[in-house]
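A short write-up of the structure that comes next.
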Amino acid sequence: MKTPLMLFEKDAVAVARELLGKIIVHGGCSGMIVETEAYTDDSASHAHKRTPRSEAMYSTYGRWYVYFTYGMHYCMNITTNGDHSPGAVLIRALEPVAGIEVMKERRKTDNVLNLMSGPGKLCKALDADKRFNGESVHGVMHIIEGKTFSDGEVVMAPRIGILKARELLWRFYVKDSTFVSKRL
DNA sequence: TGAATGATCACG
DNA sequence: GTGATCATTCAT
């Protein structure tokens with residue numbers, strides 16, 4: 001069942017929490033979201049300034065925002081905030097669901113725990129890159145309903161790799177998951 | 001702990 | 001144009 005577009009119209013922080021448990025599908029490969037981070041127009045966000053790159057975070061919601069970083073990795077986000085303020089949720093880790101053999105080949109590893117446990121890793125595993133930037137989350141790569149986690153099963157923490165705005169607990173992950181990128 | 005590796009942005 | 005930075009990953 002498709003995740004309703006309505007969900008992404010909300011603020012990035014609310015969306016980040018609600019995305020846990022949903023499933024991202026591309027071709028025969030898929031994974032369940034176990035870790036996310038919210039970005040708005042705070043000082044640590046690409047959307048702190050409105051530029052060609054961050055335009056995707058300003059313009060629409062319910063679309064993929066995929067960017068290339070460190071000269072070798074992609075990171076995938078879903079744009080949020082239907083109120084025309086900027087927002088997106090970074091997908092930081094997935095629990096592999098389907099197409100595991102194909103993903104092992106793409107990632108050059110046999111360790112399932114290491115397949116999708118990081119934003120760059122999961123893009124490599126799903127073969128996600130810039131060609132999806134700006135596309136609908138109901139397109140070739142899409143998101144569907146999966147599990148639901150109670151608040152007691154979810155941990156809130158500072159965003160990883162972010163020095164500014166450390167007081168914002170905008171990282172969400174499934175407490176018991178062994179597939180998250182990093183535990184606190 | 002540091003190298004890899006190139007797009008993006010600010011500045012002039 | 002040039003230089004700094006980077007929502008990372010992997011090997012050392």
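So that the names make sense, note that chain A is the first sequence line, chain B the second, and so on, each numbered from 1. Because the structure is predicted, anything quoted here is derived from the model rather than measured.
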[N] [atom2] sits how many Å from [X] [atom1], rounded?
{"X": "His73(A)", "N": "dA3(B)", "atom1": "NE2", "atom2": "P", "answer": "16 Å"}
{"X": "Glu35(A)", "N": "dA7(C)", "atom1": "CD", "atom2": "C1'", "answer": "11 Å"}
{"X": "Phe68(A)", "N": "dT8(C)", "atom1": "CZ", "atom2": "P", "answer": "14 Å"}
{"X": "Glu55(A)", "N": "dC9(B)", "atom1": "CD", "atom2": "P", "answer": "11 Å"}
{"X": "Tyr70(A)", "N": "dA4(C)", "atom1": "OH", "atom2": "P", "answer": "16 Å"}

Looking only at side-chain N and O atoms, does [X] come under 4.0 Å of OP1 or OP2 in [N]?
{"X": "His46(A)", "N": "dT8(B)", "answer": "no"}
{"X": "Arg171(A)", "N": "dA7(C)", "answer": "no"}
{"X": "Thr69(A)", "N": "dA7(C)", "answer": "no"}
{"X": "Arg107(A)", "N": "dC10(C)", "answer": "yes"}

Is it true that Glu55(A) and Arg50(A) make a salt bridge, defined as a side-chain N closer than 4.0 Å to a carboxylate O? yes
Applying side chain to side chain donor-acceptor pair (under 3.5 Å) between Asp42(A) and each of His48(A), Lys164(A), Arg159(A), report the one that passes. Arg159(A)
Looking at every strand, decide which applies to Arg159(A) at a 4.0 Å heavy-atom threshold: base, sugar-phosphate, or nothing. nothing
If you look at every strand shown and take non-hydrogen atoms under 4.0 Å, does Met76(A) touch a base, only sugar-phosphate, or nothing? nothing
Are the ring of Tyr39(A) and the base ring of dA7(C) both nearer than 5.5 Å at their centres and tilted by less than 30°? yes
Any N/O donor-acceptor pair, Tyr67(A) side-chain to dA7(B) base, under 3.5 Å: no
Check step by step if side chain to side chain donor-acceptor pair (under 3.5 Å) holds for Asp83(A) and Ser85(A). CA-CA 6 Å; Asp83(A) 57 3; Ser85(A) 64; 2.6 Å; yes
Of the listed nucleotides (dA10(B), dT8(B), dC10(C)), which one gets closest to any side-chain atom of Asn114(A)? dC10(C)
